[in-house]
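The block underneath contains the structure these notes are about, expressed in C-alpha cells.
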Amino acid sequence: MKKFSGKKVCAAVFISGRGSNLKSLINFSKTKISPIKIEIVFSNNKSAFGLKFAKEKKIEIIHLNEKNFNILEQKLAKILNERKIELICLAGFMKILSNSFIKKFNGKIINIHPSLLPKYKGLNTHRRVIENKEDYTGCTVHFVNSKLDSGKIILQKKIKIFKKDNEKTLAQRVLTEEHKIYPKAIIRLFS
Ligand code: GRF
C-alpha cells in the first residue's frame, strides 16, 4: 500500500453480526493517525447488530437484496469501484468471497481471525484451543486470498491462556486484543 501522507484512503468494512470490530475501526478511522476513512459498511445480513453503530455515525450501509451471491458480488464490486474503495476490511463477515471477487480486489482485502494463524483456521477457535490444552492463543490480521484464513499475515497478538479460562472468557480476552490489533495492522499497511 502507498505510504500514508495525510490523505486518507477510502475503505469499506464487511460484517455479518455483532460488529464490535467495526465499532473499533470506525472509532479509529476518526482519528488523525488513521490512514483510512470508512465510506461504506456492507452486510449480508440486514439485521446485523453492528449496523446500528454505522447508522449512528452516518456511514453509508449497503445491503443488496440478491439471492444469487455471484450476482450480489458483481453489484457490490461495481459500487466499491465507483466509490474508489481501496481497502476492504472483513470483520466477522461470515460469507466466503468468490475467487473472482478476491482477484478483482487483489491485495486490498484484509480479515481478522481469532487465533494465532496458521493454527485454528475456521470456526469455534476458542473451543478447539481449550480442548487442545494450548498455553497460548491470540488473534491475527491477514490478507485474504482464495484459501480460508490463509493469506499473508500482517500482525498477530499472542495471549496466555489461564487455567481458569473457558471458551467465553477466552473469547472476551481475545476480542479485547482484536479491537487494538486491527487498527495497528492498518497503520502498518500504510507505513
Ligand atoms: C471476531 O472474533 C473476529 O475475529 C471473527 O468474528 C468475530 C466478529 O466479532 N472473524 P464482531 O462482529 O467484530 O464483534
Side-chain angles (χ1 to χ4, degrees), residues 11-31 34 36 38-57 59 61-63 69 87-98 101-102 105 108-132 134 136-161 165-189:
V13 183
F14 290 9
I15 67 163
S16 296
R18 180 178 54 186
S20 69
N21 277 291
L22 167 68
K23 190 171 174 180
S24 109
L25 288 178
I26 291 176
N27 287 335
F28 165 66
S29 73
K30 307 262 180 210
T31 66
S34 165
I36 61 160
I38 299 171
E39 290 279 324
I40 286 174
V41 174
F42 168 69
S43 178
N44 59 311
N45 164 18
K46 68 169 181 270
S47 48
F49 182 77
L51 294 176
K52 266 175 76 175
F53 194 69
K55 232 176 252 165
E56 266 171 46
K57 295 289 171 187
I59 297 173
I61 293 167
I62 294 188
H63 179 78
F69 197 65
L87 184 72
I88 298 171
C89 305
L90 308 186
F93 185 63
M94 301 305 282
K95 281 269 186 189
I96 306 270
L97 294 167
S98 71
F101 186 91
I102 292 170
F105 296 95
K108 293 183 177 172
I109 312 178
I110 62 175
N111 180 41
I112 186 150
H113 183 77
S115 81
L116 291 173
L117 290 174
K119 288 179 111 179
Y120 301 101
K121 296 172 183 175
L123 296 175
N124 303 316
T125 54
H126 307 300
R127 186 188 313 160
R128 290 186 283 138
V129 157
I130 286 184
E131 276 167 9
N132 289 343
E134 296 279 4
Y136 293 93
T137 186
C139 44
T140 305
V141 179
H142 63 96
F143 283 104
V144 171
N145 67 10
S146 57
K147 287 198 196 122
L148 183 72
D149 299 329
S150 297
K152 189 170 170 246
I153 290 172
I154 303 163
L155 202 59
Q156 284 189 312
K157 171 74 185 182
K158 186 174 172 181
I159 66 164
K160 174 115 186 75
I161 302 175
D165 268 322
N166 55 43
E167 197 181 334
K168 213 172 149 197
T169 60
L170 201 55
Q172 189 48 57
R173 289 177 49 230
V174 171
L175 191 65
T176 303
E177 297 303 330
E178 290 184 37
H179 297 158
K180 297 182 206 159
I181 200 188
Y182 215 163
K184 277 189 191 158
I186 293 172
I187 289 177
R188 177 167 290 194
L189 270 184

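Position 1 is the first residue of the sequence; numbering continues from there. Scope of the values below: all heavy atoms of this structure, side chains included, with no hydrogens, waters or symmetry mates. Just follow the structure's listing: the first ligand is 1, and inside any ligand the first atom is 1.
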(message) If you count heavy atoms of other groups shown closer than 6.0 angstrom to NZ of K46, is the number above 12?
(response)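 No - once you tally the heavy atoms of other residues, nucleotides and ligands closer than 6.0 Å, there are 12 at most.
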(message) Can you tell me if F69 has over 12 outside heavy atoms packed within less than 6.0 Å of its CZ?
(response)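 Enclosed.
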(request) Under the side-chain hydrogen bond (donor to acceptor under 3.5 Å, both in side chains) rule, collect the residues that match up with S20, sequence neighbours excluded. (result)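 Scan of S20 (side-chain hydrogen bond (donor to acceptor under 3.5 Å, both in side chains), adjacent residues dropped) gives H179.
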(request) Identify which one of Q156, E178, K158, H113 satisfies the side-chain hydrogen bond (donor to acceptor under 3.5 Å, both in side chains) criterion when paired with T140. (result)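 Exactly one candidate clears the test, Q156.
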(message) Any donor-acceptor pair under 3.5 Å linking the side-chain atoms of S150 with those of K121?
(response)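 Their side chains do contain a donor-acceptor pair, which is all the 3.5 Å distance test asks for.
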(message) Check this for me, if you would: do R128 and E131 make a salt bridge, where the nitrogen-to-carboxylate-oxygen distance has to be below 4.0 angstrom?
(response)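 E131 and R128: not salt-bridged.
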Show me a pair-per-line table, with atom names and distances to 0.1 Å, of protein N or O atoms that are under 3.5 Å from an N or O of ligand 1.
{"residue": "ligand 1", "atom": "2 (O)", "partner": "E178", "partner atom": "OE1", "Å": "3.2"}
{"residue": "ligand 1", "atom": "2 (O)", "partner": "E178", "partner atom": "OE2", "Å": "3.0"}
{"residue": "ligand 1", "atom": "4 (O)", "partner": "I112", "partner atom": "O", "Å": "3.4"}
{"residue": "ligand 1", "atom": "4 (O)", "partner": "E178", "partner atom": "OE1", "Å": "2.7"}
{"residue": "ligand 1", "atom": "4 (O)", "partner": "E178", "partner atom": "OE2", "Å": "3.3"}
{"residue": "ligand 1", "atom": "9 (O)", "partner": "R18", "partner atom": "NH2", "Å": "3.0"}
{"residue": "ligand 1", "atom": "10 (N)", "partner": "I112", "partner atom": "O", "Å": "3.0"}
{"residue": "ligand 1", "atom": "12 (O)", "partner": "G19", "partner atom": "N", "Å": "2.8"}
{"residue": "ligand 1", "atom": "13 (O)", "partner": "S20", "partner atom": "N", "Å": "3.4"}
{"residue": "ligand 1", "atom": "13 (O)", "partner": "N21", "partner atom": "N", "Å": "2.9"}
{"residue": "ligand 1", "atom": "13 (O)", "partner": "N21", "partner atom": "ND2", "Å": "3.0"}
{"residue": "ligand 1", "atom": "14 (O)", "partner": "R18", "partner atom": "NE", "Å": "2.5"}
{"residue": "ligand 1", "atom": "14 (O)", "partner": "R18", "partner atom": "NH2", "Å": "3.2"}
{"residue": "ligand 1", "atom": "14 (O)", "partner": "S20", "partner atom": "N", "Å": "2.8"}
{"residue": "ligand 1", "atom": "14 (O)", "partner": "S20", "partner atom": "OG", "Å": "2.5"}

